[in-house]
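Notes for the one structure printed next.
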2 protein chains.
Amino acid sequence: MSGAELAFRLFGAFRSLVDDLHDELARRGHPAVRPAHGFALQAIGARGATATELGVRLGVSKQAAGKTVDGLAALGYVERTADPTDARRKIVVVTPAGREVLRLSVEIFERLRAERERDVGVTRMREMEAALRGLDSAGAPRVDASAWLSS
Amino acid sequence: MSGAELAFRLFGAFRSLVDDLHDELARRGHPAVRPAHGFALQAIGARGATATELGVRLGVSKQAAGKTVDGLAALGYVERTADPTDARRKIVVVTPAGREVLRLSVEIFERLRAERERDVGVTRMREMEAALRGLDSAGAPRVDASAWLSS
DNA sequence: GTTGGTCGTCAACGTGGTTGTCCAATAACA
DNA sequence: TGTTATTGGACAACCACGTTGACGACCAAC
């Protein structure tokens with residue numbers, strides 16, 4: 001396989017997973033969730049986070065993180081709450097609806113992976129995952145894919 | 001590996017390849033080339049293409065394809081030429097500079113793949129590529145990554 | 001109590017998509 | 001052949017999502 005084809009197929013495989021995830025999320029009552037939302041929800045986590053923290057975790061500016069929070073809040077998946085110890089900070093917390101999306105995403109991703117594993121074979125899947133771990137030295141999530149495309 | 005981690009690592013591996021490619025392209029005299037440009041150049045191909053054809057190949061509107069051509073033309077990588085048989089059509093052709101970028105990209109991608117192969121091992125690499133071929137039923141290129149993110 | 005750093009937000013901008021509209025040119029057909 | 005339908009390219013307005021710069025509010029430290 002050529003290097004270019006390798007890159008292209010890695011992206012294709014990723015995209016197929018994410019597309020299938022969002023198709024299924026839409027079918028299960030969350031049609032407005034987009035890829036960036038899932039990443040952000042995960043980055044906020046159970047303990048909540050401020051917009052600035054979220055920006056660091058996502059690898060984007062605090063302003064961009066703030067806009068993402070706006071979108072998520074408009075959909076009812078997160079809420080901004082006051083920090084009792086610091087009036088400047090606003091803690092973003094995941095709502096029950098947001099937790100439902102996270103729970104569903106995990107479940108659906110597992111199902112999708114199982115489907116792929118059935119298609120390509122258990123051994124081959126294990127080898128691929130091992131290779132991926134080696135390939136991707138994987139630091140921070142960096143979901144600024146849109147900005148990355150135009151960098 | 002969880003399904004979510006699989007998706008994430010697929011993207012990470014892809015992104016690492018493309019980032020490294022563009023770092024190297026920049027070092028070799030093409031700092032302004034962005035990922036979308038490479039895809040577009042490849043889609044135009046040796047025989048040239050019209051903006052509308054390019055849009056179909058890239059999975060975007062003809063207007064978006066036209067803008068991409070504008071950018072590529074401003075960088076000197078393509079040129080719009082008249083179609084002698086149809087005065088409406090303008091054939092976009094790759095210039096020598098554009099061909100140089102394509103040639104360099106192929107070469108660099110091969111080197112990057114070889115590096116990865118050295119890291120993960122020949123056998124494991126072969127298994128991963130086989131798995132990727134199975135995973136990604138890969139029809140048309142579909143490089144509308146930016147649009148896809150915001151869909 | 002002033003001074004400096006941090007948090008969140010607003011504003012302006014860039015990039016790269018989208019749809020809608022329009023004109024010029026070609027193709028199809030009565 | 002003349003009229004009508006379709007096609008290719010461009011323009012405009014708009015949207016999504018990132019950026020930087022600036023600013024007010026607040027906290028902390030000397």
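Proteins get letters first, then strands, A, B, ... in listed order; numbering begins at 1 in each.
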Report task. Pull out every residue in residues 64-75 of chain B that has a heavy atom closer than 4.0 Å to any atom of DNA chain C, ordered by number, or say none. Result -> B:A64, B:K67, B:T68
Requested in this report: Could I get the full list of salt bridge (Lys or Arg N to Asp or Glu O under 4.0 Å) partners for B:R89, not counting sequence neighbours?
Outcome: B:E53, B:D83
Query - Qualifying residues under salt bridge (Lys or Arg N to Asp or Glu O under 4.0 Å), relative to B:R28, sequence neighbours excluded - result: B:E24, B:E107
Query raised in the report: Along nucleotides 22-30 of chain D, 5' to 3', which nucleotides get a B, which get an S, and which get a -, given that the test is a protein heavy-atom distance under 4.0 Å?
Result: B--BBS---
Query - Dot-bracket summary - DNA chain C, pairs being Watson-Crick or G-U whose distances fall under 3.5 Å, with | when paired to another strand - result: ||||||||||||||||||||||||||||||
**Report entry** Test item: B:L132 and A:L10 side chains (from C-beta on) under 4.5 Å apart, heavy atoms
**Finding:** yes
Report summary line: For A:R126, the salt bridge (Lys or Arg N to Asp or Glu O under 4.0 Å) test, sequence neighbours excluded, returns none
Requested in this report: Output all residues satisfying ring pair (Phe, Tyr, Trp, His ring centres under 6.0 Å) with A:H30, sequence neighbours left out; order by chain, then residue number.
Outcome: A:Y77
Report summary line: Residues pairing under salt bridge (charged side-chain N to carboxylate O under 4.0 Å, His left out) where one sits in residues 64-74 of chain B, two or more places apart or in two chains, turn out to be B:D70-B:R80
Requested in this report: Go through the structure and list residues passing ring pair (Phe, Tyr, Trp, His ring centres under 6.0 Å) with A:F109, not counting sequence neighbours.
Outcome: none
Report summary line: For B:R124, the side-chain hydrogen bond (donor to acceptor under 3.5 Å, both in side chains) test, sequence neighbours excluded, returns A:E127
Query - Qualifying residues under ring pair (Phe, Tyr, Trp, His ring centres under 6.0 Å), relative to A:H37, sequence neighbours excluded - result: none
Report task. For A:T52, report the nucleic acid contact type (base, sugar-phosphate, nothing); a contact means any heavy atom under 4.0 Å. Result -> sugar-phosphate
Query raised in the report: Tell me, which of residues 42-51 of chain A have any heavy atom that sits under 4.0 Å from an atom in DNA chain D?
Result: none
